[in-house]
Amino acid sequence: MKVAIGCDHGAFELKEKVIKFLQGNGYDILDLGCNSLDSVDYPKYGKAVGEAVVNKKAEKGIVLCGTGIGISIAANKVKGVRAALCNNTTTARLTREHNDANVLAIGARMVGDVLAFEMVETFLTTEFEGGRHQKRIEMISEIEG
Ligand code: RB5
């Protein structure tokens with residue numbers, strides 16, 4: 001599976017660790033930056049990852065900033081993106097099963113490395129349940145117009 005990943009400076013170090021974790025587990029990575037600890041603006045990276053996912057350059061996306069909030073808001077402005085900010089493995093699993101989330105958002109200043117890896121693994125290996133949840137996904141798409 002190909003995974004697009006992007007972050008701001010507040011999450012650069014965790015992004016690098018997540019990339020190593022994913023590559024070690026056989027995933028292909030589309031790294032959309034940022035590439036250092038220098039201050040950058042998270043909307044640019046949330047947009048880039050969101051567009052990579054909806055344009056099928058990658059199957060799933062991961063976005064990271066200090067809290068995970070700003071970059072998840074930005075990614076969610078891209079039509080077709082369902083970005084979920086998760087803080088534990090239960091929400092990482094449920095947002096795949098119920099929301100068919102296609103982008104995982106992580107707050108690098110909010111969670112430890114091991115939990116971040118576990119959330120990433122859970123998110124990428126859990127299938128959408130469909131069924132009663134499908135109609136609700138379609139209702140979200142209708143809001144987008
Ligand atoms: C950057 O300092 C910080 O505002 C950003 O990483 C993020 O937490 C915003 O939501």
Side-chain angles (χ1 to χ4, degrees), residues 1-89 91-111 113 115-130 133-145:
M1 181 193 293
K2 190 154 194 171
V3 179
I5 189 164
C7 70
D8 75 356
H9 54 285
F12 170 68
E13 290 169 314
L14 181 57
K15 185 201 69 165
E16 296 300 296
K17 293 176 189 173
V18 168
I19 288 173
K20 281 199 180 72
F21 171 77
L22 288 172
Q23 288 174 332
N25 284 281
Y27 290 89
D28 291 331
I29 303 300
L30 177 60
D31 182 1
L32 297 169
C34 65
N35 298 309
S36 78
L37 292 169
D38 295 344
S39 183
V40 293
D41 300 317
Y42 58 78
K44 173 180 170 186
Y45 301 94
K47 178 175 186 270
V49 171
E51 288 179 345
V53 171
V54 299
N55 293 328
K56 302 195 185 307
K57 303 262 168 41
E59 197 173 319
K60 294 283 189 310
I62 299 172
V63 293
L64 311 95
C65 66
T67 59
I69 297 170
I71 202 161
S72 67
I73 293 171
N76 271 315
K77 297 297 179 188
V78 178
K79 188 174 177 178
V81 167
R82 289 180 298 281
L85 173 58
C86 296
N87 292 306
N88 55 61
T89 55
T91 48
R93 174 176 58 82
L94 286 170
T95 198
R96 286 290 309 127
E97 290 178 349
H98 292 188
N99 314 124
D100 198 16
N102 49 14
V103 174
L104 171 66
I106 298 173
R109 294 173 180 155
M110 304 294 130
V111 301
D113 295 355
L115 176 54
F117 300 155
E118 287 177 356
M119 290 195 295
V120 164
E121 183 172 31
T122 299
F123 183 83
L124 295 176
T125 58
T126 303
E127 296 298 321
F128 177 48
E129 276 182 5
H133 303 295
Q134 181 60 40
K135 180 184 78 173
R136 296 161 184 164
I137 301 306
E138 288 162 12
M139 289 172 74
I140 292 172
S141 299
E142 283 167 21
I143 296 168
E144 290 178 324

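No hydrogens, no waters, no symmetry mates; every other heavy atom, side chains included, goes into these values.
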### Summary
All heavy atoms of Thr89 vs all of Thr122, minimum pair found to be O-CG2, 3.7 Å

#### Entry: Heavy-atom check, side chain of Val54 versus side chain of Lys79, under 4.5 Å
no

### Task
Go through Phe117 and Glu121 one step at a time and tell me if the side-chain contact (heavy atoms from CB on, under 4.5 Å) criterion holds.
CA-CA 6 Å; Phe117 300 155; Glu121 183 172 31; over 6 Å; no

### Task
Would you mind listing every salt bridge (Lys or Arg N to Asp or Glu O under 4.0 Å) that reaches into residues 40-49, with sequence neighbours excluded?
Lys47-Glu51

### Message
side-chain contact (heavy atoms from CB on, under 4.5 Å), that's the test. Do Val111 and Asn87 meet it? Break it down for me.
### Response
CA-CA 7 Å; Val111 301; Asn87 292 306; 4.1 Å; yes

### Task
State the CD1-SG distance between Ile106 and Cys86, to the nearest 0.5 angstrom.
8.0 Å

### Query
Hey, mind stepping through Cys7 and Cys34 against side-chain contact (heavy atoms from CB on, under 4.5 Å) and telling me if it holds?
CA-CA 6 Å; Cys7 70; Cys34 65; 3.8 Å; yes

### Query
Out of curiosity, Met139 CE to Glu144 CD, how far, rounded to the nearest 0.5 Å?
13.5 Å

### Task
State, with a plain yes or no, whether a side-chain heavy atom of His98 is found less than 4.5 Å away from one of Glu129.
yes

### Message
Filter on salt bridge (Lys or Arg N to Asp or Glu O under 4.0 Å), then keep only pairs touching residues 20-40, sequence neighbours left out; what's left?
### Response
Lys15-Asp31

### Message
Counting C-beta onward and ignoring hydrogens, is there a side-chain heavy-atom pair between Leu22 and Ile62 closer than 4.5 Å?
### Response
yes

### Query
What's the shortest heavy-atom distance between Ile5 and Val49, and which atoms?
C-CG2, 3.6 Å

#### Entry: Audit row: Ile71, Leu64, side-chain contact (heavy atoms from CB on, under 4.5 Å) steps and yes/no
CA-CA 7 Å; Ile71 202 161; Leu64 311 95; 5.7 Å; no

### Task
For the residue pair Phe128 and His133, categorise the inter-ring angle as parallel (less than 30°), tilted (30 to 60°) or perpendicular (more than 60°).
tilted

### Under 3.5 Å: donor-acceptor pair, side chain of Thr126, backbone of Phe123
no

### Task
Check Val3, Ile19, Val120 against Tyr27 for a side chain to side chain contact (heavy atoms under 4.5 Å, CB included) and give me the one that passes.
Val3

### Task
Answer yes or no: does atom CD of Glu13 have more than 12 heavy-atom neighbours from other residues, nucleotides or ligands under 6.0 Å?
no

## Note on the structure
Residue pairs passing the salt bridge (Lys or Arg N to Asp or Glu O under 4.0 Å) test with at least one member in residues 53-75, sequence neighbours excluded, are none

